[in-house]
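Each remark here refers to the structure printed beneath this line.
Lettering of chains follows the sequences in order, A, B, ..., and the numbering in each one begins at 1.
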Protein chains: 2
Amino acid sequence: MTAHSDVPRSRRERPAKPALTRAGIVAAAVAIMRADGLGKVTMRRLARELDTGPASLYVYVRNTAELHAAILDELLGAVEAAPGGGDWRERLEQVLTSYTAVLFRHRGLAKAALVARPRGEHYLRLIETLLALLDEGGVPPGQAAWGVDLLLQYATATAAEHAPGDGDAEVAREEWDAVAGALRGASAQTHPHVAGLAAELVSGRPETRISWGFRALIDGILHTPLPEGDTGDTRN
Amino acid sequence: MTAHSDVPRSRRERPAKPALTRAGIVAAAVAIMRADGLGKVTMRRLARELDTGPASLYVYVRNTAELHAAILDELLGAVEAAPGGGDWRERLEQVLTSYTAVLFRHRGLAKAALVARPRGEHYLRLIETLLALLDEGGVPPGQAAWGVDLLLQYATATAAEHAPGDGDAEVAREEWDAVAGALRGASAQTHPHVAGLAAELVSGRPETRISWGFRALIDGILHTPLPEGDTGDTRN
DNA sequence: ACCTGAACACCGTTCAAGT
DNA sequence: ACCTGAACACCGTTCAAGT
């Protein structure tokens, strides 16, 4: 076992351990996510998969949040950039629905996107597409710029909230029933409006509500002028 | 040290270890959050603080997510339910701003609220207040019911996104600069709309943008009728 | 420059056993 | 019923040392 030296192994005897690259790391991360959910995309698991130690990954990725954002931008390649027929509103809603669909497949990704915005090429292309459609609809440029933020945030937050959990569908159902129950159980004395609207508060299929939300948002963006004298980048 | 037995300690010699209750657990959790941020509100830390083992907490709290939601409902007691002057739109914006302010103090809480909606009495009162104001403004009931969801989600998502991190302000600044840089660096050839609107995409103080968002949302809610024939609770 | 093993300082949750 | 110690199965990130 010790003194006997094996015949030197050919370099390609088994799939040669590929050199680490950022692209390779992100690809492996996507694979883990598809197989076991984003919750399993940890530095340690990823390192194991790539046959190295976790410390090695920090050469290419700053931290776990950046890794998740990179995964999302990768998946955003599947968002249709040039939707089919209909007027600009309909095509706008199509693009947003397509974006939402990507996030719906992975709730964890939506949560990540709310905190660490992706900033890869796919995300940039998505913004370009949305701005072009708003422009086509005659939305004033300033409102379009701020509106894109509103639309993407709504889509992302909705996915973070309503997408089937990375884990337990049972638990999600229970959660929802509990919330609905709390609303329906509201006293007509102390909470007359809640009691009166209990049914409406929980009505509608998720897709129907999301679609209504997009239309309300687009309408508001179109009709709400920006405040005057605050166009400089004075953030913080 | 070993054989010598101390005088039996009076029960109230030091603040007697209080019996565990759900209220006491939530109160301790709030205290930890105020002192060290939500990130430190873990089952283990909480147990240490309450001088017990983590397993004991599971008698009163289902899991960490439920604990965080309970903390939020507690803090929601500070949201002003009866805002001062102005018309209904202004008062509506006041309530929403007050809600946002609570979340802004703890970004982690906003993230938690997106996933596990609180459902305590304070949250219920907030919904009642919002519905009453929308009703006063003549918003059709169905639109008001769905609109409340839209408004709260926007406020919550904005806080999750823009609130100063539980941790590093430095890192947040870097993040923002990176995003702004990516937008400003967009090529006028490949991304004409982004390039043309780079300044507007990142302009405005956060409060200004949030306020504009609230107004756009309210306008959209007011003018967008619900789709017909989808008022039943057909979720899933 | 890149890669690594090992370590530091933690997690959530469950279980069998006690009171 | 409530409470507990101990265990299971993990985490992210940093560091000094190697190549």
Per-residue pairing states of DNA chain C in dot-bracket (Watson-Crick or G-U under 3.5 Å; . unpaired, | other strand) read ||.|||||...|||||.||
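- Distances were taken from every side-chain heavy atom of B:Val59 (C-beta onward) to each of D:dC2, C:dT4, C:dC2; the shortest belongs to D:dC2.
- For B:Ser56 and D:dT4, the shortest distance from a side-chain N or O to OP1 or OP2 is below 4.0 Å.
- Residues satisfying the side-chain contact (heavy atoms from CB on, under 4.5 Å) criterion with A:Arg45, sequence neighbours excluded, are A:Ile32, A:Asp36, A:Lys40, A:Thr42, A:Arg48, A:Glu49.
- Taking atom CG of A:Leu57 as the reference point, atom P of C:dT4 lies 9 Å away to the nearest angstrom.
- The side-chain contact (heavy atoms from CB on, under 4.5 Å) test applied to B:Tyr60 returns B:Leu20, B:Arg22, B:Ile25, not counting sequence neighbours.
- Nucleotides D:dA9 and C:dC10 have their C1' atoms positioned 14 Å apart, rounded to a whole Å.
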Heteroatom pairs (N/O) under 3.5 angstrom, protein to nucleotides 16-19 of chain C:
none

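- Checked against salt bridge (charged side-chain N to carboxylate O under 4.0 Å, His left out), B:Glu207 has the following partners two or more places apart in sequence or in another chain: B:Arg205.
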Which parts of nucleotides 7-13 of chain D does protein reach within less than 4.0 Å, heavy atoms only, written one letter per nucleotide 5' to 3' as B for base, S for sugar-phosphate only and - for none?
-> B---BBB
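- In this structure, A:Ser98 has no side chain to side chain donor-acceptor pair (under 3.5 Å) partners at least two apart in sequence or on a different chain.
- Every residue was checked against the side chain to side chain donor-acceptor pair (under 3.5 Å) condition with B:His68, not counting sequence neighbours, and none meets it.
- Annotation: side-chain contact (heavy atoms from CB on, under 4.5 Å) contacts of B:Thr21 (sequence neighbours excluded): B:Ala23.
- Across all non-hydrogen atoms, the minimal contact from B:Arg209 to B:Leu201 is NH1-O, 3.1 Å.
- To the nearest angstrom, C1' of C:dC3 lies 8 Å from OH of A:Tyr60.
- Separating the CG atom of A:Asp51 from the P atom of C:dT4 is a distance of 8 Å, rounded to the nearest angstrom.
- Legend: side-chain hydrogen bond (donor to acceptor under 3.5 Å, both in side chains) pairs involving residues 152-161 of chain A, not counting sequence neighbours, sorted by first then second residue: A:Tyr99-A:Thr156, A:Gln153-B:Thr158, A:Gln153-B:Glu161, A:Thr158-B:Gln153, A:Glu161-B:Arg117, A:Glu161-B:Gln153.
- By the side-chain contact (heavy atoms from CB on, under 4.5 Å) test, B:Ala182 pairs with A:Arg119, sequence neighbours left out.
- Residues A:His193 and B:Leu131 share a closest heavy-atom pair of CB-CB, 3.6 Å.
- Looking at residues two or more places apart in sequence or on another chain, you find a side chain to side chain donor-acceptor pair (under 3.5 Å) between A:Ser211 and A:Glu93.
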